[in-house]
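See structure below.
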Amino acid sequence: MLIKVLKNPVNLLSMLGVSLLVFDLQYYMMANLPGTQDRMCVMGAGLTRVNLVFAGLIAVMSGLMVSGLIELFRKKSKKLAASTLSGLALIVATLTVFCAACTLPFITLFGFSLGLSFIGDYDLAIKIASLILMIMALVLVEKRLRKG
């Protein structure tokens, strides 16, 4: 049902636009923020094939999520439990494309605190968790679309 939503040109263009914006943001962070390479912080070290594929997956899933949410709003369904889950997945996914030890101190200014070494040590596990969260959010939107 979620793929059928893309037959509407508005939903298709919103999916493509959101996907492009999310991928561009993640690409900019990978290319310009410090990343870890051989246990050192190096500018642009996050720009790897794995991170590019991961950013592409997250971007496409985010675009699908937005087009599904637009369709749910169009059908007057205001109960959107998946929007919080998809936002959490997008934030977690974004934290893994650059060096957390270098950039997370800035985020702590806003009251957000995490173990800095935790993100660097468990980078792959956090990427998998964010993909699972995004898939769960897409499944929730799919269920709401089928009900409505």
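Here the structure is a predicted model, which is why all the values come from computation and not from measurement. FYI, side chains are in, hydrogens and waters are out, and symmetry mates aren't considered; it's all heavy atoms of this structure.
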**Message:** Applying side chain to side chain contact (heavy atoms under 4.5 Å, CB included), can you list everything that pairs with Ile128, at least two apart in sequence or on another chain?
**Reply:**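 Here the qualifying residues are Leu124, Ile132.
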**side chain to side chain contact (heavy atoms under 4.5 Å, CB included) partners of Leu52, counting only residues at least two apart** =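 Result, side chain to side chain contact (heavy atoms under 4.5 Å, CB included) vs Leu52: Phe23, Tyr27, Met30, Leu47.
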Are [X] and [Y] in one and the same hydrophobic cluster, where Ile, Leu, Val, Met, Phe, Trp and Tyr link if side-chain heavy atoms are under 4.5 Å apart?
{"X": "Leu21", "Y": "Leu57", "value": "no"}
{"X": "Leu16", "Y": "Ile58", "value": "yes"}
{"X": "Leu20", "Y": "Leu13", "value": "no"}
{"X": "Met134", "Y": "Ile3", "value": "yes"}
{"X": "Leu69", "Y": "Ile135", "value": "yes"}

**Message:** On a heavy-atom basis, which atom in Met65 and which in Val141 lie closest, and how many Å separate them?
**Reply:**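 That would be SD-CG2, 3.4 Å.
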**Closest heavy-atom pair and its distance - Ser67, Leu6** =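 Heavy-atom minimum between the residues: OG-CD2, 3.7 Å.
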**Request:** Starting at CG of Leu140, measure out to CG of Leu145 and round the result to the nearest 0.5 Å.
**Result:**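 Leu140 atom CG to Leu145 atom CG measures 11.0 Å (nearest 0.5 Å).
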**Message:** With rounding to the nearest 0.5 angstrom, report the NZ to CG distance, Lys4 to Asn11.
**Reply:**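 So the NZ of Lys4 and the CG of Asn11 are separated by 14.5 Å.
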**Asked** Which pairs, with at least one residue in residues 13-25 and sequence neighbours excluded, count as a side chain to side chain donor-acceptor pair (under 3.5 Å)?
**Response**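 As it turns out, there is no side chain to side chain donor-acceptor pair (under 3.5 Å) pair with a partner in residues 13-25 once direct neighbours are skipped.
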**Request:** Would you check if Arg74 and Asn8 make a side-chain contact, meaning some heavy-atom pair closer than 4.5 Å?
**Result:**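 With C-beta onward as the side chain, the pair touches.
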**Message:** If the test is side chain to side chain contact (heavy atoms under 4.5 Å, CB included), which one of Val10, Val66, Val60 qualifies with Met15?
**Reply:**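 Considering Val10, Val66, Val60, a side chain to side chain contact (heavy atoms under 4.5 Å, CB included) with Met15 is found only for Val60.
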**Prompt:** Between Leu131 and Met61, is a side-chain contact (heavy atoms from CB on, under 4.5 Å) present by the stated rule, with each step listed?
**Reply:** CA-CA 9 Å; Leu131 282 175; Met61 287 183 188; 4.0 Å; yes
